[in-house]
Amino acid sequence: MSEGKNNLRGQFVTPDLGFTPKGLYIGGEWLESVKGKRFESINPANMEILGDVPLADEHDVNLAVMAAKDAFNDWRRMPIKERAGYLVALADKLQDNRDELGLMDCLDSGNTIAGMKGDVDWSSDTLRYFAGLITEIKGESFSEKPGHLNFTRREPYGVVAKINPFNHPLRFCAEKSASALAAGNTVVMKASEQAPLSSLRFAEICHEVLPPGVVNVLTGGIACGQAMVRHPDVRRVGVVGSVSTGKSIAKDAAEDLTHVTLELGGKNPVIIFPDVDPKEAASYAIKGMNMNRQGQSCSSTSRVFVHQDIQNEVIDELKILIEKLPVGLPWIESNEVGPIVSQRQYDKILDFITSAGQEGATLVSGGGSPNDELLSNGFFIQPTVFSNVKPEMRIAREEIFGPVMSVFKWNDYEDLISEINGLEFGLTAMIVTNNMKQAMETSERVEAGYIWINSNGRYLGAPYGGWKASGIGQEECFDELLSYTRIKNVNMRW
Ligand code: NAD
């Protein structure tokens, strides 16, 4: 790996990853897809091809599920301390490869390097967290009368399918398999087709640490994901993706009544009350956008509801702060905003920006590609703020999943609450006020699964999950671990 060097045009070329994907990872072996199809992954900062990977379909899914099924018996019957040891060893190996994995995700997804290295830390922390909880997978018991005992056991499902989005490629591989593995399941995982490389590097690390077949990694598109969900030997599915994907998967899963966890999209509000320092409020709103992932974050606080008394000051400060964010090649540590992951997402976001202008929103800052020759080959979009946004506009209603913030003016509290709750989404919300009574009441009334009051960030152990169309189930917590078990009740008389 090099730091990046000047090419002939004086531009930074992609640092060398030194990684050639070995193939689909199935049953501890590296395989081409059955049909031999492949697809390329590009660096969205400059369109360089980073590598190509197999395009898996239902034939490869069948092989992967079979391998996971074969590995299940030994994995579930292993002494739990030993199983926990495997997870800790995986966490350690990820840390050993932190710089490489961080860079790989940075190049493949366009997210900035510091955040992607942070994702490796979060991945290791999650593996250790669930390894530590392994002795808490307990049943309950009661005695109906002398000589009788009724007790429950928590048993794994078997083969778990995991389907991941593009915005945290490595992190979701590790984080989303940790609880399922700790509970004694084996995993078939699919990487996002928009950033598949680190998932296959993750597979190599699993190969060094885990018994064959315990984790199987596929690269492919929607057909591959559908085949995973529809496979009769898959009894448990965990998905992170958009609302439309979640709805489609829920329908497929319903065919076999397969248990699903869905972590889906958001259109998350920041609610700013008039009693706060406008500068502080603006800074919370910007931090909540996760601009180091170009706003491509499910929890991004893209709807900013500002009380009319401080609206102008907050908008002025948003403009100052957003224009200070350095947009550039994401592997340069000082840059804080990189490119959008793919042409598809880039076009979609620009279309939202155009529609906002056409529908009468006022552009405060950004609104297009940066005027920088160095970035002209990539999918860069300036961090953008619109004010004067009305609830009926497209940017007010649909998830953009990009660096676009919408400012809404409010003055009536009841109208504010109904506007916030008026969408199908219910993932996160942020409340900014010094009045704790107001904050607590608002946190009760907002329909969302994860709420910040004068804070932001994520905390391992704190349940994360969406309400309404933003998802089903809670993750990053003890309940997630239990959700990868099913209860068996045993009655015993002596
Ligand atoms: P996406 O929904 O397009 O794809 C996600 C994954 O699902 C991909 O691997 C894709 O191939 C697969 N897929 C798509 N349709 C499928 C189908 N019908 N059956 C089976 N698999 C299918 O999402 P994306 O563009 O990769 O990621 C962005 C979305 O993910 C946003 O909506 C974002 O909010 C959401 N997200 C949610 C969370 C959360 O924790 N709630 C976290 C990150 C991202």
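Start at 1 and go down the list; that is how both ligands and their atoms are numbered.
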Participant: Applying ring pair (Phe, Tyr, Trp, His ring centres under 6.0 Å) as the test, list every pair that has at least one member in residues 453-481; sequence neighbours left out.
Facilitator: Tyr450-Tyr464

Participant: Taking side-chain hydrogen bond (donor to acceptor under 3.5 Å, both in side chains) as the definition, give me every residue that meets it alongside Thr428, ordered by chain and number, with sequence neighbours left out.
Facilitator: Asn268

Participant: Do Ser192 and Asn164 meet the criterion of a side-chain donor-acceptor pair at a distance under 3.5 Å?
Facilitator: no

Participant: For Glu336, which residues count as a side-chain hydrogen bond (donor to acceptor under 3.5 Å, both in side chains) partner, sequence neighbours excluded?
Facilitator: none

Participant: Would you call Glu204 and Lys22 a salt bridge, using N to O less than 4.0 angstrom?
Facilitator: yes

Participant: Does Thr186 reach the main-chain N or O of Val214 with its side chain, forming a donor-acceptor pair under 3.5 Å?
Facilitator: no

Participant: Could you check ligand 1 for N or O atoms lying under 3.5 Å from protein N or O atoms and list the pairs with distances?
Facilitator:
from: ligand 1; atom 1: 2 (O); to: Ser242; atom 2: N; distance (Å): 2.9
from: ligand 1; atom 1: 2 (O); to: Ser242; atom 2: OG; distance (Å): 2.9
from: ligand 1; atom 1: 2 (O); to: Thr245; atom 2: OG1; distance (Å): 2.6
from: ligand 1; atom 1: 9 (O); to: Asn164; atom 2: O; distance (Å): 2.7
from: ligand 1; atom 1: 9 (O); to: Lys190; atom 2: NZ; distance (Å): 2.9
from: ligand 1; atom 1: 11 (O); to: Lys190; atom 2: NZ; distance (Å): 2.8
from: ligand 1; atom 1: 11 (O); to: Glu193; atom 2: OE1; distance (Å): 2.8
from: ligand 1; atom 1: 11 (O); to: Glu193; atom 2: OE2; distance (Å): 3.1
from: ligand 1; atom 1: 18 (N); to: Ser248; atom 2: OG; distance (Å): 3.0
from: ligand 1; atom 1: 26 (O); to: Phe166; atom 2: N; distance (Å): 3.3
from: ligand 1; atom 1: 30 (O); to: Gly241; atom 2: O; distance (Å): 3.4
from: ligand 1; atom 1: 32 (O); to: Glu399; atom 2: OE1; distance (Å): 2.6
from: ligand 1; atom 1: 34 (O); to: Glu399; atom 2: OE2; distance (Å): 2.6
from: ligand 1; atom 1: 41 (N); to: Leu264; atom 2: N; distance (Å): 3.2
from: ligand 1; atom 1: 41 (N); to: Leu264; atom 2: O; distance (Å): 2.7

